[in-house]
Amino acid sequence: MSSPPPPELIPPTHIFASWLFECLQLGNKFKRGKLLAYQLICQMMLRPHEVAPSRALLARFYNVLHTGLTSNDQDVPNVLVSNCGPRFFSVPLPGSLLLILDFITAAGTIINAVDYKEPPRAEAVSILGALLSLPNHYRELPVLQPGCLTTAQIQSDELKDRIIDLLLKAGKREPAGLARCVAVSSIGIFLYGELTHGSQHPKIKEAINVLLGALMCVNKKVAKVASDMLMLLCDHIDHLLDYHPHMPKKIAEAIATTISSLIQSHESSKSDEEKRLIVLMMFCMVEWCLRMPVPLLMETSDSERSCLHKVFRVLHSAVTGHSSSSLSRVSKSLADFMQDTDFNNIWESQVPDRRPANGVAIDQVPEIPKSPLSSVPKTETDIVKLAARTLMTHLVNHLGHFPMGLGAARLHTTVQEHNDLPDITEDDLKPDIFSAPNVQLFILNHRCLISFVELPAVDAPGGGVTAGLTTARTVCRIIVRDLSGKYCWENSVLYSPPWCTKESSRQNAQALLNVATGHELEPLLIQEDSDISQPAPSPRRKPSELPVFETTTEVDDNLNDVLRYIGETSPECLLQLGRPLNIPAPLPEALSAPAESDLTDMVQQQTDAELGYYSKHKADYSMLAKPQMPTEIQDPVSPFQMCRMLLDQMGLLSWEKRCHFDLLKKSDKLLREMKNLDAQRCRETHKIAVIYVAEGQEDKNSILSNSGASRAFEDFVAGLGWEIDLESHQGFLGGLQQNKTTGDTAPYYANSTCEVVFHVSTRIPCSGNDRNIKMRHLGNDEVHIVWSEHSRDYRRGIIPTEFGDVIIVIYPLTNGLFRIQINRKPEVPYFGPLFDGAIVDHLVLPGLVRATAINASRIKRSLLPYFHAFYEERAKCLEAIIQQHTENTTFEEFAANVFAPVLPNNATISDVFLPSEPSNSSLSEVLQTDTTSGQLSPNTTRQRGRRVQSALWQKGLDNLIFL
């Protein structure tokens with residue numbers, strides 16, 4: 001006998017489903033039971049099935065949904081939408097997309113309902129947000145027409161228009177806080193997807209207008225989500241410029257206007273939540289400015305200033321306080337920018353009591369429960385002013401200058417004061433830096449620290465910084481530490497352009513002298529024509545002719561002719577009668593003719609002797625005049641000379657600057673605080689865990705043992721950020737080690753205001769004790785991204801940890817899309833852009849998941865007691881240094897420290913006494929009384945010298961000599 005065939009397996013689902021379907025046939029008298037039957041059917045069919053439901057069961061289930069979603073009894077669509085939600089389209093049920101129009105119709109009915117408490121408004125908006133990915137994934141779909149059992153093909157464009165129209169309406173007029181947040185997040189996902197896919201949808205501008213309008217929503221949580229969505233769009237500003245060239249500028253101006261309105265309306269009483277919202281908008285505005293092309297940012301018109309001017313004006317108003325005149329002209333109002341948009345329940349000025357028109361409170365988002373530690377008062381700091389001051393400096397330093405030469409991993413320099421000093425080789429700041437004679441530390445404007453370091457000039461390849469210019473032998477290095485970071489500059493004195501010769505000035509002068517003189521030297525003595533006796537020419541004119549200029553020739557002697565003319569025409573003028581005036585006077589009586597001849601011979605002999613000596617010795621060097629040569633370049637005597645010159649030429653040594661420019665007290669405590677300041681981050685930093693769950697894995701050991709993953713997971717991780725080499729990475733590491741104990745590489749993402757490191761479970765070694773290392777890094781992260789390829793849903797307790805406040809689970813679907821599950825602790829409020837049940841495609845998945853994880857990490861940190869943002873921590877460290885280490889000096893002491901930061905080794909103090917002035921105590925005794933047991937700063941020698949001089953002055957010993 002053969003065994004009987006096994007009985008046909010009937011899943012329990014079929015048995016219970018038949019009872020529930022019969023219950024739905026009852027009359028309205030049993031309405032409560034029917035609604036429970038609808039609820040149980042949805043929950044039963046949407047749970048994971050080990051055995052696929054039969055076609056008959058699916059047909060009856062779809063028929064129930066098709067008739068119930070379009071029912072005239074609003075309670076039926078409410079319970080179906082509430083229990084199906086967006087999960088209906090992510091469960092692998094065959095033919096589920098046939099009911100798309102039914103769900104859209106039901107969601108529209110709920111959104112248009114007046115009552116906002118009873119209907120599941122958040123679930124309705126979530127369904128619409130989940131359907132956004134389908135039009136980009138399918139070109140056309142067969143769907144059931146609402147109210148009948150006929151099917152029709154719907155095009156993707158028509159489907160997208162129906163969905164986005166309802167979402168825009170919800171984003172403008174939705175009264176429920178959580179539903180409004182989901183609607184704004186869905187609009188952000190829509191814009192991100194359209195810019196990623198490159199489809200020029202006509203609703204892009206209107207969607208952006210809705211986000212800008214939501215910034216002024218009464219519900220600050222909605223405004224925060226809108227700001228996050230605008231920050232998300234910065235990733236695709238290039239595509240936005242292609243479609244709407246002036247839209248980025250309008251967005252930045254609208255955000256600036258919103259910030260101005262918030263500052264003006266809440267200046268007297270701003271809560272911590274409002275301050276955090278203003279700061280978030282400021283960072284969003286600055287990020288848009290940094291991503292925007294500079295010509296567009298600087299564009300002006302006849303009636304308006306540039307966008308950059310408006311941004312700086314808003315930030316300046318936040319720092320210094322506002323006035324009605326300064327904020328009234330910041331930008332156009334949002335009403336002018338969004339004139340075609342209908343907003344309701346948005347503007348706070350329209351709803352002073354923060355309630356909608358029907359008088360019911362708007363906010364339905366669960367309030368954050370306060371922990372016992374949250375009541376501890378924080379340090380009194382105006383974060384709005386502090387953030388505005390930080391962003392102004394950040395915008396000046398990084399506009400058009402990000403990323404820098406080191407890439408996006410660094411915002412500031414890594415140069416220290418001891419770098420390139422010949423006598424200091426340590427890798428970190430040491431007290432030896434204070435004894436260096438070429439280093440001095442200052443405080444400028446009580447805002448920033450400035451270090452001046454003088455170093456030998458180095459001939460770099462290609463000319464280096466000076467590009468071949470003639471410069472000094474030393475350069476001045478300036479290291480600036482302020483609220484936004486740390487920066488380093490090198491300055492050099494430039495003497496001449498590159499085309500000048502590079503030799504010394506003496507060599508140049510000698511070369512020019514040789515060119516000018518040639519090979520023959522001119523004689524020192526030149527024989528004049530008057531030295532050669534020549535016979536006197538005979539007069540050409542007649543004695544009676546007056547010599548005039550017109551008749552004068554070269555051979556005429558006008559004086560002789562004038563004297564002869566006077567004697568001829570006026571005889572009464574003759575000195576002796578009959579003797580013409582032009583006759584030479586006779587010889588003196590004492591000088592005879594022989595004597596005159598001897599004198600003439602002596603003069604002639606002397607002249608011949610001089611000419612002969614010159615002809616014989618004219619080539620001798622001693623006969624030439626010594627040329628005047630320039631002074632040779634001298635090496636600077638002071639090791640701080642060029643820095644001193646730069647300080648003076650910048651005007652920092654003037655008397656007027658004394659109240660703004662001070663010295664720093666050099667001590668070990670200052671060194672520690674400077675190291676702490678350099679360790680402070682200049683950007684927001686996040687570390688996020690990325691965990692891979694393969695098929696069939698449901699325990700911690702199997703999940704953490706994965707050293708490889710699927711191709712889809714690796715593509716997703718590659719979209720989160722770029723790979724960095726941990727050993728050589730210069731930016732934020734998130735606790736990962738550079739000795740390769742935590743892996744070789746890791747995904748990393750950074751912009752000008754944020755850094756993110758992803759702890760990927762498959763990148764960290766897991767052999768032996770390394771499993772504890774992996775668990776320590778993954779478990780300590782507050783946000784977990786889980787890629788699950790298992791058939792069952794991921795549970796929070798699989799990897800037990802006290803952290804993991806937010807878990808973002810990604811489930812690949814069979815149709816190529818991805819379902820998102822957001823699992824957050826009760827105290828964590830809503831964040832976007834992804835929401836629980838969202839469905840996205842592979843192109844937008846990495847960017848949306850990264851933005852969601854960053855927003856989750858940011859909002860979780862804001863809940864921590866004593867939480868301070870990065871700019872608050874840096875400002876605190878900077879303020880401590882300025883308050884505790886500013887050295888109050890007179891102008892003379894200040895000038896002495898600038899002239900010589902440290903006294904040279906041969907600068908000693910000795911006392912010299914006159915023999916006639918005996919002393920009761922010696923200088924050594926005075927020094928002994930002044931000696932202290934504590935550690936002396938490098939300026940102690942100078943200070944002790946002043947104290948000794950004062951002591952000796954009291955004893956009448958005024959002969960103090962510094963050798």
Side-chain angles (χ1 to χ4, degrees), residues 35 38-39 42 46 61-62 64-91 93 96-135 138 141 143-147 154 156-190 193 203 207 210 222 344-345 364 817 819-820 830 832-840:
L35 295 178
Y38 279 118
Q39 178 180 351
C42 294
L46 297 183
F61 175 57
Y62 291 161
V64 168
L65 293 179
H66 180 63
T67 56
L69 290 172
T70 57
S71 174
N72 294 327
D73 186 0
Q74 188 61 37
D75 292 334
V76 177
N78 290 350
V79 71
L80 291 177
V81 170
S82 176
N83 289 277
C84 288
R87 183 176 174 81
F88 175 80
F89 297 100
S90 60
V91 176
L93 295 177
S96 60
L97 298 182
L98 287 170
L99 303 175
I100 287 180
L101 290 184
D102 294 328
F103 275 96
I104 293 177
T105 302
T109 303
I110 295 173
I111 291 175
N112 295 325
V114 177
D115 183 13
Y116 79 97
K117 278 191 172 181
E118 294 297 333
R121 310 185 75 91
E123 289 80 2
V125 177
S126 298
I127 290 175
L128 296 175
L131 294 176
L132 278 174
S133 61
L134 298 181
Y138 301 101
L141 287 171
V143 293
L144 285 172
Q145 295 293 334
I154 184 172
S156 60
D157 294 339
E158 180 183 355
L159 178 61
K160 185 184 297 185
D161 290 339
R162 291 193 179 190
I163 297 172
I164 194 60
D165 287 341
L166 291 175
L167 286 176
L168 293 176
K169 182 181 294 185
K172 300 173 189 175
R173 312 186 60 165
E174 178 59 44
L178 182 58
R180 175 77 71 82
C181 290
V182 177
V184 172
S185 297
S186 300
I187 293 173
I189 295 175
F190 162 74
K203 297 287 185 179
V210 173
V222 176
N344 191 16
N345 298 328
Q364 277 193 341
L817 299 176
R819 176 172 70 93
I820 306 298
Y830 179 86
L834 293 177
F835 52 89
D836 188 23
I839 301 175
V840 295

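Here the structure is a predicted model, which means the values were calculated and not measured.
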Tell me the closest heavy-atom pair linking [X] and [Y], and the distance in Å.
{"X": "Leu141", "Y": "Leu97", "result": "CD2-CD1, 4.1 Å"}
{"X": "Ile187", "Y": "Gly171", "result": "CD1-CA, 4.3 Å"}
{"X": "Cys84", "Y": "Leu46", "result": "CA-CD1, 3.6 Å"}
{"X": "Ala113", "Y": "Arg121", "result": "O-NH1, 3.3 Å"}
{"X": "Ser133", "Y": "Leu817", "result": "OG-CD1, 3.9 Å"}
{"X": "Gly129", "Y": "Leu167", "result": "N-CD2, 4.3 Å"}

Quick one: do Asn112 and Lys169 satisfy side-chain contact (heavy atoms from CB on, under 4.5 Å)? Show the steps, please. CA-CA 9 Å; Asn112 295 325; Lys169 182 181 294 185; 3.3 Å; yes

Do [X] and [Y] make a side-chain contact, defined as non-hydrogen atoms from C-beta onward lying under 4.5 Å apart?
{"X": "Leu128", "Y": "Ile111", "value": "yes"}
{"X": "Ile110", "Y": "Glu123", "value": "no"}
{"X": "Leu159", "Y": "Leu131", "value": "no"}
{"X": "Val210", "Y": "Val184", "value": "no"}
{"X": "Leu166", "Y": "Ile104", "value": "yes"}
{"X": "Leu65", "Y": "Asp102", "value": "no"}

Enter the distance from [X]:[atom1] to [Y]:[atom2] here, rounded to the nearest 0.5 Å.
{"X": "His66", "Y": "Leu80", "atom1": "NE2", "atom2": "CG", "answer": "13.0 Å"}
{"X": "Asp836", "Y": "Tyr830", "atom1": "CG", "atom2": "OH", "answer": "10.0 Å"}
{"X": "Ser186", "Y": "Ile127", "atom1": "OG", "atom2": "CD1", "answer": "11.5 Å"}
{"X": "Lys172", "Y": "Arg180", "atom1": "NZ", "atom2": "CZ", "answer": "11.5 Å"}
{"X": "Phe835", "Y": "Leu178", "atom1": "CZ", "atom2": "CG", "answer": "11.0 Å"}
{"X": "Glu174", "Y": "Cys181", "atom1": "CD", "atom2": "SG", "answer": "10.5 Å"}

For Leu101, is there any backbone N or O sitting under 3.5 Å from a side-chain donor or acceptor partner on Arg162?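 No, the answer is negative, given that no donor and acceptor are paired below the 3.5 Å cut-off.
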
Salt-bridge contact Lys203-Asp161 (side-chain N to carboxylate O under 4.0 Å):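 Salt bridge: no.
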
According to side-chain hydrogen bond (donor to acceptor under 3.5 Å, both in side chains), who are the partners of Asn83, at least two apart in sequence or on a separate chain? Gln43

For Val76 and Leu35: C-alpha separation, side-chain torsions, deciding distance, then whether side-chain contact (heavy atoms from CB on, under 4.5 Å) applies. CA-CA 7 Å; Val76 177; Leu35 295 178; 4.3 Å; yes

Qualifying residues under ring pair (Phe, Tyr, Trp, His ring centres under 6.0 Å), relative to Phe88, sequence neighbours excluded: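 Result, ring pair (Phe, Tyr, Trp, His ring centres under 6.0 Å) vs Phe88: Phe103.
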
Test Thr70 against Thr109 for side-chain contact (heavy atoms from CB on, under 4.5 Å), laying out the working first. CA-CA 9 Å; Thr70 57; Thr109 303; over 6 Å; no

For Pro77, side chain to side chain contact (heavy atoms under 4.5 Å, CB included) partners two or more places apart: Ser71, Gln74, Ala106

